[in-house]
Every structure is written in structure tokens, then in C-alpha cells.
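See below for the structure under consideration.
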Amino acid sequence: MRVVAGEFGGRKLKTLTGNNTRPTTDKVKGAIFNMIGPYFSGGVALDLFSGSGSLGIEAVSRGMEQAVLVEKNFRAMEIIRENVAMTKQEAAFQLMKMPANQAIQQLITSGTQFDLVLLDPPYAKQEIVKQIEMLLENNLLTNQAIVVCETDKEVVLPEVIGQLRERKRQNYGITAVTIYDWTSD
């Protein structure tokens with residue numbers, strides 16, 4: 001696994017061995033960023049189920065100023081720390097070792113708003129709609145936010161969640177990627 005493009009493009013990323021995480025393949029990661037960017041001029045990303053940190057690191061590599069990487073698994077957080085250190089830009093990353101819903105509660109008090117949210121939860125434990133609603137209700141998204149959800153292809157998410165409307169859904173093997181954009185209507 002590697003950083004696909006941008007400032008850190010081509011650098012290898014470590015990943016956790018075993019069944020605790022399911023890293024996004026480079027092919028899917030490249031496709032996601034080609035659909036939403038592929039490059040950014042600033043902004044803040046939230047990677048709510050970081051695993052190896054791959055998606056959040058890719059976002060910063062492609063121009064996001066900052067990324068908050070949330071992961072509850074201790075070993076996975078160690079891998080994230082090593083991958084972030086590889087960038088030599090540790091200040092661009094905030095690491096939160098805790099469950100996603102707890103992280104959202106802490107982020108409410110920080111006043112941070114996100115331009116890009118990456119949701120790639122363990123397939124068996126998805127609460128994506130609830131978590132997006134929590135982000136919306138607590139004003140954690142900017143009015144140009146993009147939300148990317150990676151799920152099992154059998155999962156069908158709603159076309160509209162609050163102010164977010166589905167832009168695109170694409171299947172890659174057993175994985176589905178659903179992208180939401182902020183709407184003002």
C-alpha cells in the first residue's frame with residue numbers, strides 16, 4: 001500500500017496485519033480522490049475510521065491543510081503514527097485514539113469544521129447515517145463539505161442525509177463508494 005499522488009505520492013504505507021482492519025486498496029483510493037478532487041487547495045479532513053491512516057494521509061498529500069485521524073484500535077494507532085511520521089509533517093495531523101462516536105463528541109467542543117469526511121467503518125459495525133447526522137446536527141461540516149462513505153456493496157445508503165445529497169455511487173468488487181455533496185436547498 002502506498003500514497004497514490006500528491007506531495008507524498010509513491011511513499012509506502014504500513015498496514016496492520018490480520019483481520020482487524022480492511023485497508024482501502026490503492027486502486028479504490030485513487031478512484032475516490034479522482035472523483036472528489038483530485039487535488040485540494042487547503043481545508044480540513046476527518047478520517048473517522050483511520051485503520052492505517054491511508055485516506056487521511058492521501059488527503060493531506062493532495063492539498064488538505066490538516067487531517068484528523070480517528071482510530072480506536074491500539075495497534076492500528078501505532079501504525080498510523082509510523083505512517084504520519086513518514087510524511088515528516090506531523091503537525092498536519094491530529095490523532096485521536098478512541099471510538100468514532102466519542103471522537104465526534106470531542107470534536108463538537110473544538111469548533112473545527114470539516115471540508116472532507118472519510119467514513120470507512122468496519123463493514124459489520126456501520127452507523128454511517130447516524131454519524132453523518134451527528135456531524136450535521138453539531139455544525140461540524142462546512143457548506144462545501146464532501147462526505148465519502150466506503151461500505152460493503154450490499155449496503156444502500158439514502159440519497160439524501162440532511163443537507164447532503166448523493167453525487168455518485170460506484171462499486172469496486174465487494175466495496176461500494178458513495179460520495180455526498182453539501183446542498184443549499
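The chain is numbered in sequence order, starting from 1. Keep in mind that the numbers below use all heavy atoms, side chains included, and drop hydrogens, waters and symmetry copies.
No side-chain heavy atom of T175 sits less than 4.5 Å from a side-chain heavy atom of D152. The shortest distance between side-chain heavy atoms of E150 and I32 falls below 4.5 Å. Looking at K72 and Q102, their side chains never come closer than 4.5 Å, going by heavy atoms from C-beta outward. With contacts defined as side-chain heavy-atom distances shorter than 4.5 Å, the pair L136/W182 qualifies. Here the side chains of R11 and R2 are not in contact, with every heavy-atom distance at 4.5 Å or above. Side-chain contact between L69 and Q94 is absent, with no heavy-atom pair separated by less than 4.5 Å. By the 4.5 Å heavy-atom criterion applied to side chains, V117 and Y180 are not counted as neighbours.
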Go through it in stages, so that I can follow the logic: the residues are V4 and F33, the test is side-chain contact (heavy atoms from CB on, under 4.5 Å), and I'd like the CA-CA distance, side-chain angles, deciding distance and then a yes or no. CA-CA 9 Å; V4 177; F33 282 92; over 6 Å; no
From CA spacing to verdict: side-chain contact (heavy atoms from CB on, under 4.5 Å), L140, M134: CA-CA 8 Å; L140 292 174; M134 287 172 65; over 6 Å; no
Could you please spell out the steps behind the side-chain contact (heavy atoms from CB on, under 4.5 Å) verdict for V177 and M35? CA-CA 10 Å; V177 173; M35 286 188 276; 4.2 Å; yes
Audit row: M1, K29, side-chain contact (heavy atoms from CB on, under 4.5 Å) steps and yes/no: CA-CA 10 Å; M1 191 168 63; K29 185 170 40 174; 4.3 Å; yes
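Remark: K14 NZ is loosely packed, at most 12 non-hydrogen atoms of other residues, nucleotides or ligands lying under 6.0 Å away. The number of heavy atoms from other shown groups lying within 6.0 Å of CD (E159) does not exceed 12.
Side-chain atoms of T183 come within 3.5 Å of backbone atoms of Q163 as a donor-acceptor pair (strictly under, hydrogens ignored). Side-chain atoms of E65 come within 3.5 Å of backbone atoms of G43 as a donor-acceptor pair (strictly under, hydrogens ignored). A donor-acceptor contact shorter than 3.5 Å links the side chain of D115 to the backbone of V44. Using modelled atom types, no side-chain atom of E166 and backbone atom of V160 make a donor-acceptor pair closer than 3.5 Å.
Atoms CG and CD1, from L13 and I79 in turn, are 10.5 Å apart once rounded to the nearest 0.5 Å. One finds the CE atom of M96 at 9.5 Å from the CG atom of L48 (value rounded to the nearest 0.5 Å). The distance from atom CG of L46 to atom CG of L55, rounded to the nearest 0.5 Å, is 11.5 Å. For the atom pair CD (E133) and CD1 (I128), the distance works out to 12.0 Å, reported to the nearest 0.5 Å. To the nearest 0.5 angstrom, E127 atom CD is 11.5 Å from L119 atom CG. Separating the CZ atom in R169 from the OG1 atom in T178 is a distance of 4.5 Å, to the nearest 0.5 Å.
Contact record, I80 with S50: CD1-CB, 3.4 Å, taken as the closest heavy-atom pair. For the residue pair N73 and K97, the shortest heavy atom distance occurs at C-CE, 4.5 Å. Between M98 and V70, the closest heavy-atom pair is O-CG1, 3.5 Å. In terms of heavy-atom proximity, A59 sits nearest to A45 at CB-CB, 4.1 Å. Closest of all the heavy-atom pairs between C149 and I132 is SG-CD1, 3.9 Å. Taking all atoms of both residues into account, the shortest heavy-atom contact from G51 to A76 is O-CB, 3.3 Å.
In the hydrophobic clustering of this structure, L157 groups with L141; members are Ile, Leu, Val, Met, Phe, Trp, Tyr whose side-chain heavy atoms approach within less than 4.5 Å, directly or through other members. Under a hydrophobic clustering in which Ile, Leu, Val, Met, Phe, Trp and Tyr are joined whenever their side-chain heavy atoms come within less than 4.5 Å, directly or via other members, V68 and M64 fall into different clusters. V3 and L16 fall into different hydrophobic clusters, where Ile, Leu, Val, Met, Phe, Trp and Tyr are joined by side-chain heavy atoms under 4.5 Å apart, directly or via other members. Both V147 and V155 sit in one connected hydrophobic cluster of ILVMFWY residues. Membership requires side-chain heavy atoms under 4.5 Å apart, directly or through other members. By the rule that hydrophobic residues join a cluster once side-chain heavy atoms approach within less than 4.5 Å of another member, L164 and I146 end up as members of separate clusters.
Remark: of the listed residues T142, N139, N138, N139 is the sole one forming a side chain to side chain donor-acceptor pair (under 3.5 Å) with Q113.
A cation-pi contact, defined as under 6.0 Å to the ring centre and within 45° of the axis, links R62 to Y39.
Below 30°, between 30° and 60°, or above 60°: for F93 and F8 the angle between ring planes is between 30° and 60°, a tilted geometry.
A donor and an acceptor atom, one from each side chain of S54 and S52, are nowhere located under 3.5 Å apart.
With respect to E78 and R81, no salt bridge is recorded, no charged nitrogen being found less than 4.0 Å from a carboxylate O.
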